[in-house]
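First comes the structure, then the notes that go with it.
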2 protein chains.
Amino acid sequence: MKKITIKEIAKKAGVSIGTVDRVLHNRGEVAPKTKELVLQIAKEGNYTTNVYARTLKLNRTYTIAVLLPNDNEYWNLQNKAISETAEKYQSLGLLLTFFTFYRKDSASQEQQAKKLLESNPDGVILAPLVESGSTNFTKQLDTLKIPYVFVDSNLKNANPLSFIGQSSYQAGHLAAKLLNLGFPHGKRTYIVRFHDFDSLNKTIEERIKGFRDFYHDNGFNPLLIMEMDLSKDAQNFSSEVSAEGPIHFFVPSSRAHQLTHNTMSELDPHPRIVGFDLIEKNIACLKAGAIDFIIDQNPMKQGELAIQSFYNRLITNQDVQQHQPMPLEIFTKENLIA
Amino acid sequence: MKKITIKEIAKKAGVSIGTVDRVLHNRGEVAPKTKELVLQIAKEGNYTTNVYARTLKLNRTYTIAVLLPNDNEYWNLQNKAISETAEKYQSLGLLLTFFTFYRKDSASQEQQAKKLLESNPDGVILAPLVESGSTNFTKQLDTLKIPYVFVDSNLKNANPLSFIGQSSYQAGHLAAKLLNLGFPHGKRTYIVRFHDFDSLNKTIEERIKGFRDFYHDNGFNPLLIMEMDLSKDAQNFSSEVSAEGPIHFFVPSSRAHQLTHNTMSELDPHPRIVGFDLIEKNIACLKAGAIDFIIDQNPMKQGELAIQSFYNRLITNQDVQQHQPMPLEIFTKENLIA
DNA sequence: GTTAATTTCGTTAACGTACACGGAAAATTT
DNA sequence: AAATTTTCCGTGTACGTTAACGAAATTAAC
């Protein structure tokens with residue numbers, strides 16, 4: 001039950017703590033049979049290195065770089081959560097540095113990535129929203145042997161320390177289920193996109209795929225699903241939709257509020273709407289009854305978990321789950337305040 | 001940015017580290033003005049005690065006692081999660097001891113509580129399912145100044161270090177929303193109870209309250225809600241229900257599978273069912289399409305958080321959120337595997 | 001068989017904190 | 001003014017680990 005210490009191992013083996021240290025760290029030369037003896041005793045004594053002594057001796061702080069957008073409320077929330085959690089972990093030896101950018105400005109994005117690499121951090125937290133740029137970046141991290149954690153979105157062919165986020169596919173699937181509850185043959189639905197901004201966002205594509213597959217899996221007519229680009233169709237949107245009669249809306253981004261803001265309130269009967277992320281404007285819409293369901297990603301929690309992952313990896317030597325799934329948190333008008 | 005150490009404070013103040021120690025710990029006598037000087041310097045230098053040095057010096061392990069039922073799959077899951085997380089935290093100085101019991105056997109329950117107190121733990125994890133017994137127990141913990149964490153269920157008039165769990169009321173509310181989606185005037189629903197076992201369970205009562213309030217808040221006829229006790233009505237259940245025509249079911253416990261197991265498969269059209277907790281039998285029912293929604297409490301995560309809370313409190317000196325809400329995780333046939 | 005090179009190992013000083021022990025200075029008593 | 005108490009403070013050790021330094025033992029070279 002009680003763990004053996006280096007000193008005790010040394011005594012039992014009849015050697016000095018220096019040699020024990022050499023054996024346990026594979027450093028320096030040590031005679032084969034004493035090495036074996038030491039390992040034997042360590043194993044029997046159930047040796048694990050004392051995290052507190054080790055950390056105290058090393059007495060170093062690790063810097064974690066955060067590369068995230070800060071161009072809307074959702075990302076601001078996440079940055080804030082990370083920054084608040086960072087304060088707690090500062091006294092434990094983790095120091096965070098932020099490299100935020102505007103997604104529209106791809107130059108600033110690359111510049112921040114470059115600055116990040118120059119700062120030579122011990123770890124990186126990022127959201128691989130756009131596949132091409134992200135793979136490029138993570139490859140550089142791989143060669144530099146800098147561990148990284150993904151939040152919000154995952155990336156194939158990368159080796160993150162951990163991915164923290166929802167299954168976007170399942171999120172889309174669930175959204176479809178909610179919208180079609182009570183309609184055994186499927187319900188006409190608009191998928192609302194905004195091509196001005198999120199056109200390359202993997203997360204959104206996966207949600208849409210999950211949504212469409214629900215229709216397919218349930219044998220619904222795929223023509224029931226229509227897409228619109230609200231960034232340009234905003235003009236003729238209202239007339240078009242109201243001519244079509246009762247209909248549902250799926251907004252696979254955090255911009256569901258824009259839908260309701262414009263024209264929806266005039267529609268009757270009230271269409272069922274599912275959107276994402278508990279940002280203020282969406283909360284207001286939920287309260288007003290304009291949006292029915294919001295699936296939240298809990299960016300605050302994700303930020304916390306990302307930092308915790310590095311703490312466990314760099315300091316406490318605990319192993320980190322390679323995938324830390326975030327639940328699909330559903331909010332309605334009724335359970336908003338909880 | 002960099003924190004000052006005791007030694008540095010001592011040097012700046014022109015005293016020894018012993019004096020600084022006395023000031024910072026309010027122990028022993030120290031002249032008022034040197035005390036003030038030391039405090040001043042400590043504050044300016046942004047002193048916080050080095051967790052690693054402190055823990056290393058104290059070199060003690062804290063024992064956390066776990067008082068939970070283990071009479072069904074749900075509680076087994078939670079115990080297992082706690083026990084697995086415990087292994088990770090053992091090397092960090094947390095040792096867990098388990099006091100499990102069968103809820104039917106109230107004698108064994110009291111006995112375990114007694115044994116727990118005799119073991120004089122540094123903290124306790126428990127689920128205050130039954131109000132009377134729990135308040136009695138937590139009062140004893142209060143007088144002994146033993147901190148405790150609630151999982152699953154909260155307790156009024158207690159002062160836990162933290163409560164980790166869902167809002168049962170909101171869970172009931174959400175269940176009602178799911179069952180009534182598509183029925184603007186409300187849908188006839190049975191609340192299915194099992195008085196043989198869970199009769200005093202606070203959690204279940206709160207879920208039912210949330211469920212009923214949804215009907216009330218939406219102006220539905222309260223007579224749409226009926227209750228049945230499946231532990232005794234099992235016989236005439238089938239005939240009664242099928243005579244009534246299409247209907248929904250709300251099972252505010254983890255026993256939704258019992259409902260479907262018996263008789264439901266014969267009913268046509270398939271009634272909509274909402275239950276709780278991702279235990280194996282419920283998973284099977286979800287897969288088979290017999291249950292539509294399961295709201296899971298994620299007992300594994302709760303167990304993890306409970307231990308983490310004690311780690312933060314007893315060792316790292318971080319403050320612990322007094323309420324750590326668990327999301328209402330919704331599972332359907334489709335997002336089960338995720 | 002002596003010297004040099006190489007392998008193998010022990011000693012030691014930190015890291016920052018907690019706490020026991022006892023000594024010096026000041027205050028009080030005789 | 002000496003003796004005694006009280007107040008105040010410094011010294012030292014230990015917690016378990018890391019890592020540098022150099023000593024001892026072994027082997028190789030001639």
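The sequence lines fix the lettering, A, B, ..., with proteins before strands; numbering per chain opens at 1. Keep in mind that this is a model prediction, so the values were computed, not measured.
Checking the phosphate oxygens (OP1, OP2) of D:dG16, a side-chain nitrogen or oxygen of B:Asn59 falls inside 4.0 Å. Between A:Lys7 and D:dC15, a side-chain N or O to OP1/OP2 separation shorter than 4.0 Å is present.
First and last contacting nucleotides of DNA chain C toward chain A (any atom under 4.0 angstrom from a heavy atom, 5' to 3' order): C:dT8 to C:dG16.
Closest non-hydrogen pair, B:Leu96 versus B:Ala86, comes out as CD1-CB, 3.7 Å. The shortest heavy-atom contact between B:Lys35 and B:Asn26 is NZ-OD1, 3.7 Å. Across every non-hydrogen atom of A:Leu116 and A:Pro121, the tightest pair is O-CD, 3.4 Å.
One finds no salt bridge joining B:Lys12 and B:Glu8 here, because no Lys/Arg side-chain nitrogen approaches an Asp/Glu carboxylate oxygen to under 4.0 Å.
Of the residues in residues 18-26 of chain A, those placing a heavy atom less than 4.0 Å from an atom of DNA chain C are A:Gly18, A:Thr19, A:Arg22, in numerical order. Residues from residues 47-55 of chain B lying near DNA chain D, meaning a heavy-atom separation below 4.0 Å, are absent.
For B:Phe99, the ring pair (Phe, Tyr, Trp, His ring centres under 6.0 Å) test picks out no residue, with sequence neighbours left out. With sequence neighbours excluded, the residues that form a ring pair (Phe, Tyr, Trp, His ring centres under 6.0 Å) with B:Tyr89 are B:Tyr311. Not counting sequence neighbours, the partners of A:Asp122 by the salt bridge (charged side-chain N to carboxylate O under 4.0 Å, His left out) test are A:Arg60. Every ring pair (Phe, Tyr, Trp, His ring centres under 6.0 Å) that B:Phe163 has, sequence neighbours left out, goes to B:His323. Applying the ring pair (Phe, Tyr, Trp, His ring centres under 6.0 Å) test to A:Tyr62 and every residue at least two apart in sequence or in another chain returns nothing.
The overall bend of the helix from C:dG1-D:dC30 to C:dT30-D:dA1, read as the angle between its terminal helix axes built from five base pairs each, is 60° when rounded to 10 degrees.
The side chain to side chain donor-acceptor pair (under 3.5 Å) pairs that include a residue from residues 132-149 of chain A are A:Asp142-A:Tyr148, where partners are two or more places apart or lie in different chains. Within the structure, side chain to side chain donor-acceptor pair (under 3.5 Å) contacts touching residues 151-164 of chain B (residues at least two apart or in different chains) are B:Tyr74-B:Asp152, B:Gln78-B:Asp152, B:Ser153-B:Lys202, B:Ser153-B:Thr203, B:Ser162-B:Gln324.
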Do any side-chain atoms of residues 14-22 of chain A form donor-acceptor pairs under 3.5 angstrom with protein atoms, and if so which ones, sequence neighbours left out?
residue: A:Ser16; atom: OG; partner: A:Gly18; partner atom: N; Å: 3.2
residue: A:Thr19; atom: OG1; partner: A:Ser16; partner atom: N; Å: 3.4
residue: A:Thr19; atom: OG1; partner: A:Ser16; partner atom: O; Å: 2.7
residue: A:Asp21; atom: OD1; partner: A:His25; partner atom: ND1; Å: 3.0
residue: A:Asp21; atom: OD1; partner: A:Arg27; partner atom: NH2; Å: 3.3
residue: A:Asp21; atom: OD2; partner: A:Arg27; partner atom: NE; Å: 3.2
residue: A:Asp21; atom: OD2; partner: A:Arg27; partner atom: NH2; Å: 2.7

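If you find the closest nucleotide of DNA chain C to B:Leu56 and to B:Arg27, the one lying nearer the 5' end belongs to B:Leu56.
In the model, B:Gln40 has a side-chain atom that pairs as donor or acceptor with a side-chain atom of B:Glu44 under 3.5 Å.
Following rounding to the nearest Å, B:Ile6 (CD1) and D:dG10 (P) show an atom-to-atom distance of 14 Å. Look at CD on A:Glu29: it is 16 Å from C1' on D:dG22, rounded to the nearest Å. Distance NZ (B:Lys35) to P (D:dT7): 14 Å, rounded to an integer number of Å.
Using a 4.0 Å heavy-atom criterion, one finds that A:Ile17 contacts the bases of the nucleic acid, with or without backbone contacts as well.
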